[in-house]
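Everything below concerns the one structure shown next.
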Amino acid sequence: MKKNDWKDRLNIVYSTNPDFCYETEAAPEPPTPDKRQQRLRVSIEKKGRGGKTVTVVAGFTGTEDDLKELARLLKSKCGVGGAAKDGEILIQGELKQRVIDLLKAEGYSQTK
């Protein structure tokens, strides 16, 4: 990635200093703890989703890549679609017990 990407500077005032270097403050992602230390909560939601039922896995802490990898695993094992965003995994359909069983089989022992 470029050092001075213009998208990072959208709401910044222009500087006439030729030596000015805009610096972004990117917070480092927390490392992903062990699977046994993750406290995942599985619930079913219908509200605000156009009447569609989704299974939500919340409580994941760690990197975004690990979250997407876990979502990919759950989606492929359940044979449905879904998404991973905002620290939550959304699985299409009412698959709460199946998701809990899959998470426990993967080593996430503190799953409810």
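Side-chain heavy atoms closer than 4.5 Å link hydrophobic residues (I, L, V, M, F, W, Y) into clusters, and following such links, even through other members, never connects Ile44 to Ile91. Both Ile100 and Val80 are assigned to one and the same hydrophobic cluster, defined by single-linkage of ILVMFWY side chains at heavy-atom distances under 4.5 Å.
Atom CZ of Arg39 is surrounded by 12 or fewer heavy atoms from other residues, nucleotides or ligands within 6.0 Å. Within a 6.0 Å sphere centred on NZ of Lys75, other residues, nucleotides and ligands contribute more than 12 heavy atoms. Annotation: Asp34, atom CG; neighbour count of heavy atoms from other residues, nucleotides and ligands within 6.0 Å is above 12.
Judged purely by atom type and a 3.5 angstrom limit, Gln110 has no side-chain atom pairing as donor or acceptor with the backbone of Leu40.
Annotation: side chain of Val99 is in contact with side chain of Val57 (closest heavy-atom distance under 4.5 Å). Side-chain atoms of Lys35 and Glu106, non-hydrogen and from C-beta on, do get closer than 4.5 Å to each other. Proximity of Leu103 to Leu70: side-chain heavy atoms (C-beta onward) are separated by under 4.5 Å at one or more points. Taking the side chain as every heavy atom from C-beta outward, Phe60 and Gln38 approach each other to under 4.5 Å.
Smallest separation of non-hydrogen atoms from Thr111 and Lys104: O-CE, 3.5 Å. Scanning both residues, Gly93 and Thr55, for their nearest heavy atoms gives O-OG1, 2.7 Å. Residues Lys96 and Val42 share a closest heavy-atom pair of CE-O, 3.3 Å. Nearest heavy-atom pair, Val54 versus Gln92, reported as atom, atom and distance to 0.1 Å: CG1-CA, 4.4 Å.
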> How far apart are the C-alpha atoms of Val56 and Arg41, what are their side-chain angles, what is the distance that settles it, and do they pass the side-chain contact (heavy atoms from CB on, under 4.5 Å) test?
Replying inline: CA-CA 8 Å; Val56 179; Arg41 299 292 174 248; over 6 Å; no
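For the atom pair OG (Ser43) and CD (Glu88), the distance works out to 7.5 Å, reported to the nearest 0.5 Å. To the nearest 0.5 Å, atoms NZ (Lys68) and CD (Glu64) are separated by 5.0 Å. The NZ atom of Lys77 sits 12.5 Å away from the CG atom of Asp101 when rounded to the nearest 0.5 Å. Atom CG of Leu74 sits about 10.0 Å away from atom CG of Leu95, to the nearest 0.5 Å.
The residue from Leu67, Thr61, Asp65, Asp66 that alone fulfils the side-chain contact (heavy atoms from CB on, under 4.5 Å) condition with Thr32 is Asp66.
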